[in-house]
Amino acid sequence: MERVDYMYKALELAKKAYQQDEVPIGCIIVNSKSGEIIAEAYNLCQHVENAVSHAEIKAIQTACDKLGTNRLWGMDMYVTLEPCTMCAAAISFARIENLYFGATDTKGGAVVSGVRFFEQETCHHRPFVCGGILENECAQLLKDFFKNKRNTKGLGN
């Protein structure tokens with residue numbers, strides 16, 4: 001599969017989150033050598049009432065459990081939105097090899113926006129980062145979700 005194919009898979013997971021009234025972010029972890037999808041997840045913060053139930057965290061937990069390790073050497077992550085600081089730290093601690101993301105998050109992102117976590121001296125592991133994969137599709141899903149939220153609450157456009 002190509003990078004765009006993996007991102008389409010993450011986008012499908014984001015759509016599942018949207019259908020469950022969760023912020024639509026999807027994530028998959030792939031073995032970079034075999035191409036096997038090791039884990040997949042989407043945001044669940046609202047349903048489980050847990051602030052750290054981001055798609056990236058859930059996918060890392062699933063992959064670590066499946067592989068029986070706390071280090072995900074040789075694994076790639078595909079996520080529909082630029083990770084926040086918490087998720088960037090988890091990606092670093094898990095030793096994800098490559099991070100591919102869809103839309104940039106200028107408000108909450110921490111990879112190419114905000115604190116730029118992987119550029120800090122205190123960051124012990126820096127994955128290769130590539131953003132902008134299916135950027136328009138990933139961003140549009142988020143825009144539609146939040147527009148719908150505003151309209152539902154009578155806040156207009």
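To the nearest 0.5 angstrom, K66 atom NZ is 15.5 Å from Q61 atom CD. Summarising the geometry, atom CG belonging to L99 is positioned 11.0 Å from atom OG belonging to S92; distances are rounded to the nearest 0.5 Å. A distance of 8.5 Å separates NZ of K33 from CG of D76, quoted to the nearest 0.5 Å. Atom CE in M75 sits 5.0 Å away from atom CD1 in I38 (nearest 0.5 Å). The CD1 atom of I25 sits 12.0 Å away from the CG atom of L13 when rounded to the nearest 0.5 Å. Here S53 contributes atom OG and E22 contributes atom CD; the two are 8.5 Å apart, rounded to the nearest 0.5 Å.
The shortest heavy-atom contact between C27 and A59 is SG-CB, 3.8 Å.
Between Y100 and Y78, the ring planes are parallel. Angles under 30° get that label, and only those over 60° would be called perpendicular.
Side-chain polar atoms of N136 and Q140 form no donor-acceptor pair below 3.5 angstrom.
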Notebook entry, point to check: Should M77 and L72 be marked as a side chain to side chain contact (heavy atoms under 4.5 Å, CB included) after you check the CA-CA gap, both sets of side-chain angles, and the distance that decides it?
Noted result: CA-CA 10 Å; M77 177 180 281; L72 299 175; over 6 Å; no
Notebook entry, point to check: Between D21 and K149, is a side chain to side chain contact (heavy atoms under 4.5 Å, CB included) present by the stated rule, with each step listed?
Noted result: CA-CA 9 Å; D21 201 30; K149 283 292 199 193; 2.8 Å; yes
Next item on the list: List the steps, then state whether salt bridge (Lys or Arg N to Asp or Glu O under 4.0 Å) holds for E12 with K9.
Entry: CA-CA 5 Å; E12 288 304 313; K9 177 67 175 163; over 6 Å; no
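Side-chain contact between I133 and Y6 is absent, with no heavy-atom pair separated by less than 4.5 Å. Side-chain contact between V129 and F101: present, with at least one pair of heavy atoms (C-beta onward) separated by less than 4.5 Å. Using a 4.5 Å heavy-atom cutoff, the side chains of T80 and P24 are not in contact. Between I91 and F117 there is no side-chain heavy-atom pair separated by less than 4.5 Å.
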